[in-house]
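Down below is the structure, laid out as structure tokens.
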Amino acid sequence: MPELPEVETIKRDIKTNLIGHKIESVWTDWPKQLKPSQEEFEKAVIGKKFKSVSRRAKLLIFRLDDGTRLLMHLKLTGRILYRSQNDSEDKFTHIILKLDRGKELRFADMRKFGWMKVLRDEGELDKLLSEFGIEPFTQDFTVENFKKILTNKKAPIKPLMMDQAVIAGVGNIYADESLWCAKIHPLRAANTLSDQETKELFECIQEALKSGIKDRGTSVDTYVDFFGLPGQHEQNLKVFRKDGEPCPRCNTLIRKIRVGGRGTHFCPICQKL
DNA sequence: GGCATCCTGACC
DNA sequence: GGTCAGGATGCC
């Protein structure tokens with residue numbers, strides 16, 4: 001599942017490899033993944049060059065050389081791949097942007113939840129971006145702001161952390177890992193965290209995401225980078241999908257429960273409810 | 001918050 | 001054939 005570290009890894013590789021390429025044509029066998037429609041999408045991108053790329057939450061934002069804004073979201077199983085025309089087929093490819101110099105950007109997505117979208121105007125982008133919460137690794141992400149978010153929130157801490165309108169970019173893997181790191185139970189009501197716990201969770205979120213980026217992402221499922229290579233972070237996971245295995249801190253067996261409809265892994269002794 | 005929805009593959 | 005996997009949205 002691509003979360004902030006995975007999307008950030010792809011973004012960095014795109015910066016040094018895709019920028020400057022021209023889109024010559026578009027192929028798809030699943031037009032629903034092109035928004036607002038295949039026709040509008042093609043009209044907006046064909047003949048244009050990639051000028052820049054950025055990331056907000058789990059969203060990739062491209063600017064083309066005429067100012068067109070192109071967004072991509074990988075959702076659960078999306079892959080963005082940089083390939084040559086004659087490279088062998090990638091399974092589940094549903095969109096291909098055919099580029100100059102014999103290259104292709106392939107969008108492969110087993111479950112077809114991901115999408116590419118062109119925006120009509122700048123206001124639309126601003127509105128979309130303004131709905132995201134605090135972006136980790138920016139000046140806005142401080143312990144004080146984090147504390148403000150948790151105050152008066154009776155909700156369990158984990159779903160709150162995964163709410164993109166609260167903190168942008170944290171998904172299921174890094175939420176479980178951050179909570180283990182901070183020794184906080186995923187069902188803990190957000191407003192019951194002590195100042196010390198708030199500070200630890202704040203630091204653990206940054207640490208978990210940073211560590212994921214350093215390892216070029218987590219490939220427990222289908223994630224691969226821009227070149228089709230898996231990330232290395234799986235070997236550094238402490239609890240995610242480790243149910244039945246000993247906690248690296250206290251040896252208690254990791255348990256799996258369901259929180260907010262998501263599989264949730266935690267140590268029942270270390271992590272305080 | 002819960003739950004359904006968008007989808008398909010893996011697994012029992 | 002049923003369940004699970006989980007990012008985001010939309011309806012309650």
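Just the heavy atoms: all of them, side chains too, but no hydrogens, waters or symmetry mates, feed the values below. To find a chain, count down the sequence lines: A is the first, B the second, and so on, and within it residues start at 1.
A:Tyr223 comes within contact range of no nucleotide atom at all, as no heavy-atom separation falls under 4.0 Å. Here A:Gly114 lies out of heavy-atom contact (under 4.0 Å) with every strand. Among the heavy atoms of the strands lying under 4.0 Å from A:Lys58 are primed sugar atoms or P, OP1, OP2 only; no base atom is included.
One can place CG of A:Asp163 at 14 Å from C1' of B:dG2, the figure rounded to the nearest angstrom. Across the protein-nucleic acid pair, A:Arg79 atom CZ and C:dG7 atom P stand 17 Å apart, rounded to whole Å. Rounding to whole angstrom units, CZ of residue A:Arg111 and P of B:dA10 are separated by 12 Å. In this structure, A:Arg55 atom CZ and C:dG7 atom P are separated by 15 Å, rounded to whole Å. In this structure, A:His265 atom NE2 and C:dG6 atom P are separated by 6 Å, rounded to whole Å. Straight-line distance from the CD1 atom of A:Ile167 to the P atom of C:dG7: 14 Å, rounded to whole Å. Summarising the geometry, the separation between CG on A:Leu76 and C1' on B:dG9 is reported as 13 Å, rounded to the nearest angstrom. For A:Lys75 and C:dG7, the NZ to P distance is 10 Å, given to the nearest whole Å.
Other residues, nucleotides and ligands place more than 12 heavy atoms under 6.0 Å from the NZ atom of A:Lys11. Atom CD of A:Glu39 has 12 or fewer neighbouring heavy atoms from other residues, nucleotides or ligands inside a 6.0 Å radius.
Look at the P atom in both B:dC11 and C:dG6: the space between them is 15 Å, to the nearest Å. A gap of 15 Å separates the P atoms of B:dC7 and C:dG10, to the nearest Å.
Nearest nucleotide to the A:Gln164 side chain, out of B:dG1, C:dG6, C:dA8: C:dA8. Out of B:dC7, B:dG1, C:dA8, the shortest distance to the side chain of A:His73 is found at C:dA8. For A:Met162, whose side chain is taken as the heavy atoms from C-beta onward, the closest listed nucleotide among B:dT8, B:dC6, C:dG7 is C:dG7. Which of C:dA8, B:dC7, B:dG9 sits closest to the side chain of A:Lys112 comes down to B:dC7. Closest to the side chain of A:Asn172, out of B:dG9, B:dC6, C:dG7, is C:dG7. Taking only side-chain atoms of A:Lys256, from C-beta outward, the nucleotide of C:dC4, B:dG1, C:dA8 with the closest atom is C:dC4.
Searching all strands for a Watson-Crick or G-U wobble partner of B:dC12 with both distances below 3.5 Å returns C:dG1. In a base pair of the Watson-Crick type (N1 to N3 plus N6-O4 or O6-N4) or a G-U wobble (N1-O2 and O6-N3), with each distance short of 3.5 Å, C:dC11 is matched with B:dG2.
When the side-chain nitrogen and oxygen atoms of A:Lys32 are compared with OP1 and OP2 of B:dC7, one or more of them lie within a distance under 4.0 Å.
Look at A:Phe113 and the base of C:dG7; the rings stack, centres closer than 5.5 Å and planes less than 30° apart.
Sulfur-sulfur distance for A:Cys204 and A:Cys181: below 2.5 Å, consistent with a disulfide.
Between A:His233 and A:Tyr223, the gap from one ring centroid to the other reaches at least 6.0 Å. In this structure, A:Phe266 has its ring center closer than 6.0 angstrom to the ring center of A:His185.
Take the nearest nucleotide of DNA chain B for A:Phe92 and for A:Arg262: the residue whose nucleotide is more 5' is A:Arg262.
Counting only N and O atoms by type, the side chains of A:Tyr82 and A:His21 include a donor and acceptor under 3.5 Å apart.
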